Amino acid sequence: MSSIKIFGVAIFELKRDLDVALLDLQVAGIKNLAEELDEDHVSSLSFVEEEFSEFIFPKARECRHVDYAGEISRRLILIRLYRDKDGRVFKALVVTLRGGVLRTLSKKLERLGWRKTFLFEIRRILHKAHVDY
């Protein structure tokens, strides 16, 4: 795997057609959705999928996935949507490569009916400068 740093991971449960799930992502603020990912991004998604597979895959469930890249607040976001045999999206894996966007995106998607099952984000906490003399 390359040196891509992952700053956030979220896993959602949903029961939507693929087109509706993509529309939800756009309504939540993700722009420029594209299915074209470079090899490093696909390997990053696969790495996260392997690490968090117990949260993603129910026992003995066959599925396919579709990968997307998009932007939110000019920051790249990677999305893997898992589809069952009927073609409906039942899980979504969202990976951010910069901090500070996942919590806001998660709240917007939850308002649209997505159920958050896992959220991890590295964020910088700003401290007020303090000087003692």
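Source: prediction; values computed, not measured.
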Could you walk me through whether E13 and K91 pass the salt bridge (Lys or Arg N to Asp or Glu O under 4.0 Å) test, one step at a time? CA-CA 5 Å; E13 286 184 12; K91 288 273 185 163; 3.4 Å; yes

Quick one: does any side-chain atom of R16 pair with a main-chain N or O of V89 as donor and acceptor, under 3.5 Å? no

Calculate, to the nearest 0.5 Å, the distance between atoms CG and CG belonging to L78 and L97 respectively. 5.0 Å

Quick one: are I72 and R98 in side-chain contact, heavy atoms under 4.5 Å? no

Indicate if L33 and L23 have the same hydrophobic cluster label, given that clusters are the connected sets of ILVMFWY residues with side-chain heavy-atom separations under 4.5 angstrom. yes

Side-chain donor or acceptor of E121 paired with backbone N/O of F7 under 3.5 Å: no

Decide whether V20 and I30 are clustered together by the hydrophobic rule: side chain heavy atoms of Ile, Leu, Val, Met, Phe, Trp, Tyr closer than 4.5 Å, transitively. no

State the CD-CZ distance between E54 and F52, to the nearest 0.5 angstrom. 9.0 Å

Any chance you could measure N32, atom CG, to I77, atom CD1, to the nearest 0.5 Å? 12.5 Å

Any chain of hydrophobic side-chain contacts (each under 4.5 Å) joining V95 to Y82? yes

Tell me whether the rings of W114 and F12 are parallel (<30°), tilted (30 to 60°) or perpendicular (>60°). perpendicular

Check whether any side-chain heavy atom of E35 lies under 4.5 Å from a side-chain heavy atom of V66, and answer yes or no. yes

Quick check: closest heavy atoms across K85 and R64, and the distance to 0.1 Å? O-NH2, 4.3 Å

Within one Ile-Leu-Val-Met-Phe-Trp-Tyr cluster: I6 and L102, side-chain cutoff 4.5 Å: no

CD on E50 to OG on S43, rounded to 0.5 Å: 11.5 Å

Close side-chain approach of V48 and L45, heavy atoms under 4.5 Å: no

Please check: side-chain N/O of D17 versus main-chain N/O of D19, any donor-acceptor pairing under 3.5 Å? no

Rounded to the nearest 0.5 Å, how far does CD1 of I11 lie from OG of S106? 11.5 Å

For R74, does the CZ atom sit with more than 12 other heavy atoms under 6.0 Å from it, leaving out its own atoms? no

R103 side-chain N/O to L119 backbone N/O, donor-acceptor pair under 3.5 Å: no

Does L76 share a hydrophobic cluster with V101, counting links as ILVMFWY side-chain heavy atoms below 4.5 Å and allowing steps through other members? no

Distance check, rounded to the nearest 0.5 Å: L93 atom CG versus F118 atom CZ? 10.0 Å

